[in-house]
Amino acid sequence: MKNQVFVVLLTVLLTVIGIFPTQAQPDTSDEQDYLFEMVAMRDGTRLATYVYLPDGEGPFPALVTRTIYGLPVGAIGGYPEEMDIDEDEISQEEAAPIGWPLITDNGYALVVQVTRGRFNSEGIDRSCLDDANDGYDLVEWVNQQSWSNGRIGMDGDSALGVTALQAASTNPPSLDALYVQATSANPIGTDFIPEDGGVKLESLILQGTSIVFDTNVFHWEGQGLTEDEAAAILGETGTYLDELLQGLSDPVNTPEWMRLPIAQNDGLRRLMPFWDGVFTEEGQAVYRPALDVIGDVEVPVYVVSLWQDVFLNSSIDLYADLQAREVPSRLLMLNGTHYDIDNPSIWPRTVMLDWFDYWLKDIDNGIMDTATVEYAVQGADNLWLTAESWPLQNTTELTLFLNADGQLTETAPETQTGDRSFVYDPAYPMPTTGGHHLIAPSGMLDQREIQARADVLTNTVQPLPEDTLVAGPVTATLWVTSDTVDTDLSVRLGDLHPDGTANLILDDLIRVRYRNGRDQAQLIEPGEMIKLQFELGHTAHLLRAGHSIQINVTSSDFPAWDRNLNTGVSSLQSADYIIATNTVFSNTIQASAVVLPVRSD
């Protein structure tokens, strides 16, 4: 049945590809007010491009969006959706006339381009590897059009923000400003496969699987597949994705999640270059530097992120880099997880049009007179604060030491022998419960169920005597040993409420062999004492008086991260694993601790 569905989808795709003209011309019907052109990139590949013009005499400033998801483009920037439609139930032909009226109503031309190998664009979908050059070429094409006045901005969220940042990293001469939200400036090197960590399994395997269904005949042929072969792979992928999604709440009992080596799917490997790009170490070596734009963007950027977003760390890294290089920029931090970005109620106000009005229309609307950083505070009731930099300057460090008796104290342990051990079995990993994820259960979820596990060590401070605002990057140090040559250690910061609720705030996971970076992988000797330095990430969280700070230490977070097999061999390559006994030391010589930045005013 699924194969029949995908054959129908194939027919629709072929029909759509055939009906569009190849030269820009206005659509003269009353309900379709847009231009369409297959715009040629530098290598001759033509990409489907839609242009929506405002009323009145041009030329106009233009806002450019490049999308992997086709049409329609959804509202971003905290603006409400203008049309009540099901984007999954509307065809590209039906969606084309919709545009985004907010943009054209405010005097901008809206340009939407579909990326390679998707929907009705030519080429092979290489998942971001072509977006830098293609974005450059589109911006310069827009600059040459008669309806363009040469003032051009780019915008996007999530994957669309990645395409915008990729384009901006090439510094097209005609690009004037950028607005991005809930997106990544370094998806592989920071967010999905960090230098000292594991593989963000749930994000990569679910996103990597779901994006295949919008590929087209150009992509299939480029991958050497017939239409029948592609349809068969899509059918198998639908079944595979269903099993993964249905098992997300119970991954340990879901064969597709537990399969080793991970991501062994011949069909997806044939269909999508992305698959080998992230699920082989050779592919990661290509994707990691190619998608890292930190240090490359020169135009003014407005960055919006969320405290529980999967892309939090690289978004703040982007802002920090722009500030260090004195590139005009702003940072807005919202409460919520990745998909909460679409909820207008979490926004203090809308800023995107003001940003572009300033940079593209020379309207002095005061946006550059506002604080450089504006951030919501977790744990508080609609509390917004401002600053002129991030990390904040007005913080003091609160160091809390882990004790072998389960306490968390401001004074270092006085014993010279304190330690605690737990057993980590890759066959029974700790299930993902909250945190910064793309699709797995995310956010500040209650940790009580996982704290009851034997492979989780919990340390708790005495209830706080007053409200305490933790604002900035949180770090931790663990002194550990393992009876294996490699393992994972995870530190999780929590907010324990008086009623017993234990909400997760931040967490970090280190793969021991990568503790000095992936290019300096080094196994340990069983029993060797090592010092691990954790960067849990950034937060602004108000710990209320009577609440307690908690630290949980464990060795897995599955399927958010792939499991360490404790053998020194990657789960990308092996199905063999062993059980590890890991020990955390808490004494005067090896003082494991967490350091919290506390806002001091």
Side-chain angles (χ1 to χ4, degrees), residues 397-425 428-430 433 446-465 468 470 474-498 500-512 515 524-536 543 547-557 564 566 579-596 598:
E397 290 186 349
L398 172 61
T399 301
L400 298 173
F401 295 90
L402 284 67
N403 287 252
D405 62 1
Q407 292 190 71
L408 197 59
T409 61
E410 292 188 52
T411 57
E414 297 180 357
T415 177
Q416 296 186 8
T417 58
D419 62 71
R420 283 195 294 173
S421 300
F422 63 93
V423 174
Y424 160 52
D425 184 349
Y428 299 98
M430 186 197 79
T433 307
D446 194 344
Q447 304 295 290
R448 281 178 288 186
E449 186 172 341
I450 68 166
Q451 288 174 349
R453 293 173 57 102
D455 59 355
V456 178
L457 305 180
T458 300
N459 286 74
T460 307
V461 77
Q462 291 297 312
L464 298 168
T468 303
V470 178
V474 176
T475 60
T477 300
L478 290 188
W479 291 88
V480 300
T481 63
S482 179
D483 64 353
T484 61
V485 297
D486 184 35
T487 193
D488 285 353
L489 272 298
S490 173
V491 175
R492 303 166 68 86
L493 172 67
D495 178 354
L496 176 62
H497 296 228
T501 304
N503 292 133
L504 178 65
I505 303 173
L506 289 172
D507 65 292
D508 185 28
L509 180 143
I510 288 179
R511 185 142 295 171
V512 167
R515 61 195 180 278
I524 58 173
E525 294 292 331
E528 176 187 353
M529 179 75 69
I530 57 173
K531 181 182 181 181
L532 299 177
Q533 302 281 7
F534 293 81
E535 296 181 358
L536 279 70
L543 294 153
H547 289 218
S548 298
I549 299 166
Q550 280 192 326
I551 293 293
N552 296 307
V553 176
T554 187
S555 285
S556 57
D557 183 1
N564 194 314
N566 298 324
I579 296 172
T581 298
N582 298 329
T583 302
V584 179
F585 289 81
S586 309
N587 55 57
T588 56
I589 301 172
Q590 294 94 18
S592 296
V594 61
V595 180
L596 308 175
V598 175

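Computed from heavy atoms alone, side chains included, the values below leave out hydrogens, waters and symmetry copies.
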Look up atom [atom1] in [X] and atom [atom2] in [Y], then write down how far apart they are to the nearest 0.5 Å.
X	Y	atom1	atom2	value
Leu536	Ile551	CG	CD1	6.5 Å
Leu402	Asp419	CG	CG	12.5 Å
Ile510	Leu532	CD1	CG	5.0 Å
Thr417	Gln590	OG1	CD	10.5 Å
Leu506	Glu535	CG	CD	12.0 Å

Over 12 foreign heavy atoms within 6.0 Å of [atom1], [X]:
X	atom1	answer
Phe422	CZ	yes
Glu528	CD	yes
Gln533	CD	yes

Distance-only, no hydrogens or angles: does the [X] side chain make a donor-acceptor pair with backbone N or O of [Y] under 3.5 Å?
X	Y	answer
Ser490	Asp508	yes
Glu410	Leu398	no
Ser556	Met430	yes
Asn403	Phe401	yes
Asp425	Ile579	no

May I ask you to test the [X]-[Y] pair for a side-chain heavy-atom distance under 4.5 Å?
X	Y	answer
Pro526	Val485	yes
Leu596	Val594	yes
Phe585	Thr481	yes
Leu504	Thr433	no
Ile524	Ser482	yes

Would you please say whether a donor-acceptor pair under 3.5 Å links the side chains of Gln550 and Gln451?
yes
Do Asn566 and Thr487 have side-chain atoms, one donor and one acceptor, less than 3.5 Å apart?
yes
List for me each residue that meets side-chain contact (heavy atoms from CB on, under 4.5 Å) alongside [X], sequence neighbours excluded, and say none if there are none.
X	value
Thr475	Val595
Val461	Leu400, Leu408, Ser548, Ile549
Asp483	Ala580, Thr581

Applying salt bridge (charged side-chain N to carboxylate O under 4.0 Å, His left out) as the test, list every pair that has at least one member in residues 448-460; sequence neighbours left out.
Asp446-Arg448, Arg453-Asp455
Partner of Arg420 under side chain to side chain donor-acceptor pair (under 3.5 Å), chosen from Thr583, Asn459, Asp405:
Asn459
So if I apply the side chain to side chain donor-acceptor pair (under 3.5 Å) rule between Arg492 and each of Asn552, Thr554, Asp557, Thr458, which one comes out positive?
Asp557
Partner set under salt bridge (Lys or Arg N to Asp or Glu O under 4.0 Å) for Asp488, not counting sequence neighbours:
Arg511
Which residues satisfy the salt bridge (Lys or Arg N to Asp or Glu O under 4.0 Å) test with Asp495, sequence neighbours excluded?
none
Taking all heavy atoms of Ser555 and all of Leu489, pick out the closest pair and write down the distance.
OG-CD1, 4.1 Å
